[in-house]
Amino acid sequence: MKLTLGFSPCPNDTFIFDALIHNKIDTEGLSFEVEYQDVETLNQKAFQQQLDVTKLSYHAFAYAVEDYELLDAGSALGFGVGPLLITKDEKLAERLKESLDTKGTLNADLADLRIGIPGKYTTANFLLGLAFPQLQNKQEVVFSGIEQALIDGDIDLGLIIHENRFTYEDKGLHKVVDLGDFWEKTTGYPIPLGGIVVRRGIEDEVKQKLNRILKKSVAFAFEHPKSGLDFIRSHAQEMSEEVMYKHIELYVNSYSRDLGTEGRKAIAYMFDKALALKLIPDTDKKLFLS
């Protein structure tokens with residue numbers, strides 16, 4: 001059986017899926033037609049039900065939960081892995097840090113700051129709304145272009161994800177806040193960033209098979225971390241091998257093999273928090289694959 005599959009070209013995803021799509025493990029009769037897209041494009045494709053299986057942000061999952069359910073394998077959760085809010089203006093960074101520390105409202109001049117976000121439905125944007133609800137002057141920028149938009153003065157603040165957290169300082173940019181750290185201090189849970197979902201209409205037997213082989217793919221990657229090096233490098237943004245594997249170490253961990261009880265609790269908490277704040281639509285659908 002062939003399934004359409006979408007995931008990002010980022011090292012954490014290519015690391016996870018390498019063994020599965022290159023037949024390094026037994027795929028139990030499943031094959032895949034693969035698309036490589038940035039996470040916001042994948043979010044939009046999920047909203048249109050264009051893929052059988054896809055990576056998407058946990059924020060977007062709230063808008064796709066009627067049509068998809070979450071696999072136990074393949075997720076990106078963890079501590080110290082959150083998106084960063086950055087700026088070119090060091091003094092501006094300090095002013096915003098002070099505002100966050102005091103939980104005070106922003107001055108009018110700060111509330112109008114232009115912010116580049118990697119997508120409306122990204123978990124990063126959801127976290128930004130929790131930390132700085134007054135910051136509403138947002139424009140969507142492909143995640144890989146946010147640093148340059150700051151350097152060029154097109155935006156005042158940038159919300160960065162993925163490997164850009166390893167490169168922004170070298171470009172003279174400054175951190176305002178690690179939104180993952182903000183979440184962790186507020187909740188005590190690991191931050192849920194992205195997960196792998198499957199269409200609800202697919203037969204349960206196929207869903208369970210998919211979950212099993214994805215776990216095997218993650219396990220293979222852990223056991224043979226350099227096996228997919230050429231594949232990972234071919235999709236990376238001109239990254240050195242060192243940066244690629246720093247990226248992988250940050251986003252791929254035990255939660256990627258299996259969410260477990262703690263991972264499921266973290267995701268459920270995020271959904272409950274977003275529902276309480278009326279940031280996402282309500283649903284009676286179960287989130288997780290049974």
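Just so you know, these numbers come straight off a predicted model, no measurement behind them. For the single chain, residues carry numbers from 1 onward in sequence order.
Enclosure of atom NZ in K24 by more than 12 non-hydrogen atoms of other residues, nucleotides or ligands within 6.0 angstrom is indicated. Surrounding NZ of K286 are more than 12 heavy atoms belonging to other residues, nucleotides or ligands, all under 6.0 Å away.
In this pair, H235 and F231 present their aromatic rings perpendicular. The plane angle is above 60°, beyond the 30 to 60° band. Ring geometry, H59 versus Y121: the interplanar angle falls from 30° to 60°, so the pair is classed tilted.
The distance from atom OG1 of T14 to atom CD1 of I248, rounded to the nearest 0.5 Å, is 6.0 Å. Note that CD of E184 is 7.5 Å distant from CD1 of I191, once rounded to the nearest 0.5 Å. Annotation: the span from F61 atom CZ to I280 atom CD1 amounts to 10.0 Å, rounded to 0.5 Å. Atom NZ of residue K215 and atom CG of residue D258 lie 4.0 Å apart, to the nearest 0.5 angstrom. Atom CZ of residue R199 and atom CD of residue E69 lie 11.5 Å apart, to the nearest 0.5 angstrom.
Side-chain atoms of T87 come within 3.5 Å of backbone N or O of D89 as a donor-acceptor pair. Judged by distance alone, the side chain of S256 and the main-chain N or O of S75 form a donor-acceptor pair under 3.5 Å. Checked by atom type and distance alone, the side chain of H22 pairs as donor or acceptor with a backbone atom of D18 at under 3.5 Å. With T4 contributing its side chain and E33 its backbone, the two residues share no donor-acceptor pair below 3.5 Å. A donor-acceptor pair is defined here as one N or O able to donate and one able to accept, closer than 3.5 Å; such a pair exists between the side chain of K88 and the backbone of I151.
The aromatic ring centroids of F17 and F32 lie 6.0 Å or more from each other. For F126 and Y58, the gap between ring centers reaches or exceeds 6.0 Å.
By the rule that hydrophobic residues join a cluster once side-chain heavy atoms approach within less than 4.5 Å of another member, W183 and L259 end up as members of one cluster. With hydrophobic clusters built from ILVMFWY side chains whose heavy atoms lie under 4.5 angstrom apart, L193 does not share a cluster with L84. When the side chains of ILVMFWY residues are joined at heavy-atom separations under 4.5 Å, either directly or via intervening members, L85 and V142 end up in two distinct hydrophobic clusters.
Checked by atom type, the side-chain pair K45/T54 shows no donor-acceptor distance below 3.5 Å. T41 and D38 form a side-chain donor-acceptor contact under 3.5 Å, judged by distance and modelled atom types alone.
Annotation: cation-pi pair K226/Y245 present, NZ/CZ under 6.0 Å from the ring centroid and within 45° of its normal. R257 forms no cation-pi arrangement with F222, by the criterion of a distance under 6.0 Å to the ring centre and an angle within 45° of the ring axis.
Between P118 and I146 the shortest side-chain heavy-atom distance falls below 4.5 Å. Put simply, the side chain of L96 reaches to within 4.5 Å of the side chain of F132, judged on heavy atoms. E40 places a side-chain heavy atom less than 4.5 Å from the side chain of N43. Side-chain contact between D156 and N137: absent, with no pair of heavy atoms (C-beta onward) separated by less than 4.5 Å. Between I16 and K55, the closest side-chain pair of non-hydrogen atoms is not below 4.5 Å. Here the side chains of L110 and L92 are in contact, with some heavy-atom distance below 4.5 Å. For the pair L150/Y168, no side-chain contact is recorded, criterion being any heavy-atom separation below 4.5 Å from C-beta on. In this structure, the side chains of V65 and L70 stay at 4.5 Å or more apart for every pair of heavy atoms.
Residues R200 and D67 are not paired through a salt bridge, judged by the lack of any N-O separation under 4.0 Å between the basic side chain and the carboxylate. Salt bridge status for K120 with E140: absent, with no side-chain N to carboxylate O gap under 4.0 Å. Between D72 and R264, at least one side-chain nitrogen of the basic residue sits less than 4.0 Å from a carboxylate oxygen of the acidic one, meeting the salt-bridge criterion. Comment: E94 does not engage K91 in a salt bridge, judged by the lack of any side-chain N to carboxylate O separation of less than 4.0 angstrom. In summary, E203 and K209 do not engage in a salt bridge, as defined by a charged side-chain N under 4.0 Å from a carboxylate O.
Scanning both residues, L179 and A124, for their nearest heavy atoms gives CD1-O, 4.1 Å. Here the closest non-hydrogen pair linking L130 and P133 is O-CD, 4.0 Å. Here the shortest heavy-atom pairing between R114 and D154 reads NH1-O, 3.0 Å. When all heavy atoms of V53 and L3 are compared, the closest pair comes out as CG2-CD1, 4.1 Å. The minimum heavy-atom distance linking L30 with I213 is given by the pair CD1-CD1, 3.9 Å. Residues Y251 and I161 approach most closely at OH-C, 4.4 Å, considering heavy atoms.
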